[in-house]
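Predicted model only: the values in this text are computed from it and were never measured. Lettering follows sequence order; numbering is per chain, from 1.
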There are 2 protein chains.
Amino acid sequence: MEQQSPDLDGVGVRHRATIAEIARAADVSRQTVSNVLNAPHRVREETRRRVEQVIADTGYRPLKSAQSLRTRRSNLLAVGFQSPGAEPSPVLDVFLHALSTSAQTLGYQILLLTAGSDGAEIQAYTEAVVDYAVDGIVLTGTHTHDERIDWLRRQRLPFVTFGRPWGALGGHSWVDVDGAAGTRAATEHLARAGHTRIAFLGWPAGSGSGDDRLQGWKQACGRAGLPTRGLLRRSANTIEDGRKTCAAVLDQPRPPTAIVCVSDALAVGAWLEMRDRGLVPGRDVALIGFDDSTTASVIGLSSVAQPLPAVADACLDALRGQLGSEGPSSGRWRQVLLQPELVLRESG
Amino acid sequence: MEQQSPDLDGVGVRHRATIAEIARAADVSRQTVSNVLNAPHRVREETRRRVEQVIADTGYRPLKSAQSLRTRRSNLLAVGFQSPGAEPSPVLDVFLHALSTSAQTLGYQILLLTAGSDGAEIQAYTEAVVDYAVDGIVLTGTHTHDERIDWLRRQRLPFVTFGRPWGALGGHSWVDVDGAAGTRAATEHLARAGHTRIAFLGWPAGSGSGDDRLQGWKQACGRAGLPTRGLLRRSANTIEDGRKTCAAVLDQPRPPTAIVCVSDALAVGAWLEMRDRGLVPGRDVALIGFDDSTTASVIGLSSVAQPLPAVADACLDALRGQLGSEGPSSGRWRQVLLQPELVLRESG
DNA sequence: TTGAAAGCGCTAACAT
DNA sequence: ATGTTAGCGCTTTCAA
């Protein structure tokens with residue numbers, strides 16, 4: 001028969017020691033306890049030791065709501081992400097995990113905000129800032145004319161975007177992956193392998209990252225003296241569109257022997273179209289995607305991988321730069337462009 | 001040239017109206033303002049109107065840290081999820097999104113906690129509860145002898161698990177998907193299609209949900225008078241293991257004509273193995289997976305889909321049941337088992 | 001180096 | 001139905 005012991009895990013999570021209790025137990029004032037926590041150098045060695053001992057014994061941790069009420073800082077970071085709707089982004093969940101993990105080691109917690117539109121996302125940020133006094137915001141999936149960025153700047157909130165401010169002025173911190181470098185590496189790899197007609201399946205003009213990745217292909221073709229005319233197809237980002245544009249490009253009089261895609265979604269569509277035609281990707285036609293999704297690894301699709309943990313860390317860095325002083329002063333902005341990595345598999 | 005207007009969005013996010021200001025502007029006491037917000041029925045119609053008008057004009061929203069300091073509630077829910085490491089779970093990110101979206105409509109925010117082990121997750125919960133006074137916890141990915149559940153129960157924290165408490169007593173709220181029903185439906189579908197030898201690729205014994213899904217296959221075979229001997233293979237949850245166990249089961253003297261898998265990871269492995277052998281899944285051998293991952297939809301793999309938005313809503317329901325009164329009293333536990341849906345594609 | 005006092009914004013308890 | 005008082009736990013003055 002077990003003993004009646006209300007709490008097996010030390011003091012237990014429900015008991016809250018207050019700063020006053022610590023002070024009493026250590027025979028100092030509350031203020032000294034606060035100093036031990038927030039400005040240890042101001043406390044005499046011996047006193048500090050004694051207080052720290054009591055803190056350790058009781059498992060005392062300051063209550064954030066009280067701290068926040070006083071200091072207006074919450075150690076909370078909001079990250080907004082919009083529903084990909086149908087197909088979940090292969091990028092965001094890995095990024096989220098990395099961000100949350102790194103944030104926790106820095107003493108921050110992640111408030112997860114979801115929205116269905118830019119307007120809704122702004123609304124969510126508003127509530128997070130007004131209600132919870134979040135210290136900073138991580139915005140994902142930037143696009144041209146991004147009203148979210150405008151809003152954040154107007155409000156002078158500390159924020160960083162995963163994605164460059166396409167077409168905007170860029171007066172803020174951002175972290176992005178060099179998409180052009182990724183498609184350039186993919187195209188160069190194919191050129192080295194002897195391909196002379198390399199097609200590109202892209203997104204409609206005007207999406208920043210889509211245009212960026214397109215440039216990489218164009219540049220690599222230019223440098224290698226390869227043609228691009230008639231080898232570019234644009235479509236929305238669905239598997240079905242990938243099939244169709246792949247079919248279109250293969251049905252040309254002079255079809256390409258290799259295809260680079262702006263995304264894995266399109267590449268997977270192309271992959272399916274090839275299979276249906278009895279073509280083996282990598283043997284008959286080379287194929288390289290972008291994002292290194294799980295699906296890509298499953299079907300042996302070569303792809304360009306984004307260094308998401310590094311992106312997450314850079315985002316936190318940028319945010320901390322803004323949080324250090326009072327408010328985002330220009331000059332504290334960090335702009336980081338990370339290099340992706342070409343992951344080669346059977347298809348290319 | 002634009003006018004110098006510091007804030008275009010109403011009052012702007014940085015200006016905080018306090019309850020005192022609202023009270024002054026509406027010519028009532030602070031308490032009355034508080035009542036308008038928290039107990040409107042106690043306020044005279046006309047007074048309420050006036051106060052509400054001021055609130056609307058100023059865009060006033062109570063500060064959570066102050067509310068929380070007073071009431072010990074934060075309107076914060078913590079959700080813990082461990083890194084899937086290599087292959088991101090096809091389930092968790094969709095679940096997270098659904099959970100966050102529903103939580104926001106209920107006035108809750110999601111604190112995202114990541115951990116690499118059960119111990120680390122408990123540590124993260126501790127900090128979330130002690131520091132941020134989270135109101136409740138959503139735990140994902142239950143397993144047998146789950147120390148996280150034991151800990152949450154000992155601490156008497158409001159919580160709900162996505163996943164049944166396999167092997168434990170079950171004195172808490174949980175939401176789960178009826179895995180056995182899913183594999184049963186899959187197996188019955190195959191039996192109706194004329195298959196008489198249906199194999200199952202499962203996980204090692206002892207994983208609750210794996211055993212559960214296995215049972216569904218066994219039951220369906222039993223009812224249909226189909227054999228199971230020699231048709232079960234167990235392995236870890238990797239694509240490579242799926243390949244191997246699929247190969248093993250196909251190399252038998254009397255191979256199956258259909259295969260049901262405990263997960264899409266294994267099913268994808270089986271799918272690849274079939275293709276390498278020149279077999280067309282769905283034509284030569286039927287194949288059905290579990291989880292309805294993006295990959296499954298891409299490659300035309302039939303699969304069992306979990307109703308994740310419904311799971312998220314049920315989790316929130318269960319949590320709200322516990323938050324209503326002070327503390328989780330027995331009888332307030334909700335246990336919800338939701339039905340999955342068989343999604344048929346080319347492979348089955 | 002330490003302590004005392006004040007107050008962040010809100011709501012529960014009590015008084016009117 | 002409304003107002004008054006007190007205090008949640010912490011940190012920022014300021015004084016000793």
Quiz item: With no hydrogens and no angle check, is any side-chain donor or acceptor of A:Thr58 less than 3.5 Å from a backbone partner on A:Ile55?
Solution: yes
Practice problem: Kindly say whether B:Leu96 contributes a backbone atom to a donor-acceptor pair with the side chain of B:Ser100 at under 3.5 angstrom? | Solution: no
Exercise. Please give the angle, rounded to 10 degrees, between the axes at the start and the end of the helix from C:dT1-D:dA16 to C:dT16-D:dA1, where five pairs define each axis.
Key: 40°
Quiz item: Please walk me through it: do B:Thr114 and A:Thr101 pass side chain to side chain donor-acceptor pair (under 3.5 Å)?
Solution: CA-CA 6 Å; B:Thr114 51; A:Thr101 302; 3.0 Å; yes
Quiz item: What does A:Thr47 touch in the nucleic acid at a heavy-atom separation under 4.0 angstrom: a base, only the sugar-phosphate, or nothing?
Solution: sugar-phosphate
Donor-acceptor pairs under 3.5 Å, side chain of residues 19-29 of chain A to any protein atom, not counting sequence neighbours: which ones?
unit_1, atom_1, unit_2, atom_2, d
A:Ser29, OG, A:Gln31, N, 3.3
A:Ser29, OG, A:Thr32, N, 3.3
A:Ser29, OG, A:Thr32, OG1, 3.3

Quiz item: Does the side chain of A:Glu121 pick up a donor-acceptor pair with the side chain of A:Ser117 at under 3.5 Å?
Solution: no
Practice problem: Look only at the side chain of A:Asp146 and the backbone of A:Thr142, and say whether a donor-acceptor pair between them is shorter than 3.5 Å. | Solution: no
Quiz item: Distance-only, no hydrogens or angles: does the A:Gln322 side chain make a donor-acceptor pair with backbone N or O of A:Phe159 under 3.5 Å?
Solution: yes
Quiz prompt | ring-ring contact (aromatic ring centres under 6.0 Å, His included) partner of B:Phe162, chosen from B:Phe81, B:Phe95, B:Trp174 | solution = B:Phe95
Quiz prompt | Sugar-phosphate only, base, or nothing, as touched by B:Arg70 at under 4.0 Å among non-hydrogen atoms | solution = base
Self-check item: B:His143-B:Asp118 side chain donor-acceptor pair, cut-off 3.5 Å
Solution: yes
Quiz item: When you check the gap from the basic side-chain N to the acidic O, do A:Arg48 and A:Glu45 get nearer than 4.0 Å?
Solution: yes
Quiz item: B:Gln335 side chain to B:His172 main-chain N or O, any donor-acceptor pair under 3.5 Å?
Solution: yes
Quiz item: Counting any heavy atom closer than 4.0 Å, what does B:Leu63 reach on the DNA or RNA strands: base, sugar-phosphate only, or nothing?
Solution: sugar-phosphate
Exercise. For B:Leu63 and A:Arg72, run side chain to side chain contact (heavy atoms under 4.5 Å, CB included): C-alpha distance rounded to whole Å, both residues' side-chain angles, the deciding distance at 0.1 Å, then the answer.
Key: CA-CA 10 Å; B:Leu63 186 66; A:Arg72 280 308 150 86; 3.7 Å; yes
Quiz prompt | Start and end of chain B contact along DNA chain C [non-hydrogen atoms, under 4.0 Å] | solution = C:dG9 to C:dA13
Quiz prompt | Strand contacts (DNA chain C) in residues 27-36 of chain A, 4.0 angstrom heavy-atom criterion | solution = A:Val28, A:Ser29, A:Arg30, A:Gln31, A:Thr32
Exercise. Shoot me the first and last contacting nucleotide of DNA chain D against chain A, ordered 5' to 3', at under 4.0 angstrom to non-hydrogen atoms.
Key: D:dG9 to D:dT12
Show the atom names and distances, to 0.1 Å, of all donor-acceptor pairs under 3.5 Å that link a side chain in residues 128-141 of chain A to residues at least two apart or in another chain.
unit_1, atom_1, unit_2, atom_2, d
A:Asp131, OD1, B:Arg61, NH1, 2.9
A:Asp131, OD2, B:Arg61, NH1, 2.5
A:Tyr132, OH, B:Ser74, O, 2.9
A:Tyr132, OH, B:Asn75, O, 3.1
A:Asp135, OD1, A:Ser74, N, 3.0
A:Asp135, OD2, A:Ser74, N, 3.4
A:Asp135, OD2, A:Asn75, N, 2.6
A:Thr140, OG1, A:Gly80, O, 3.1

Exercise. Scan A:Ser65 against the nucleic acid and name what it touches under 4.0 Å (heavy atoms): base, sugar-phosphate only, or nothing.
Key: nothing
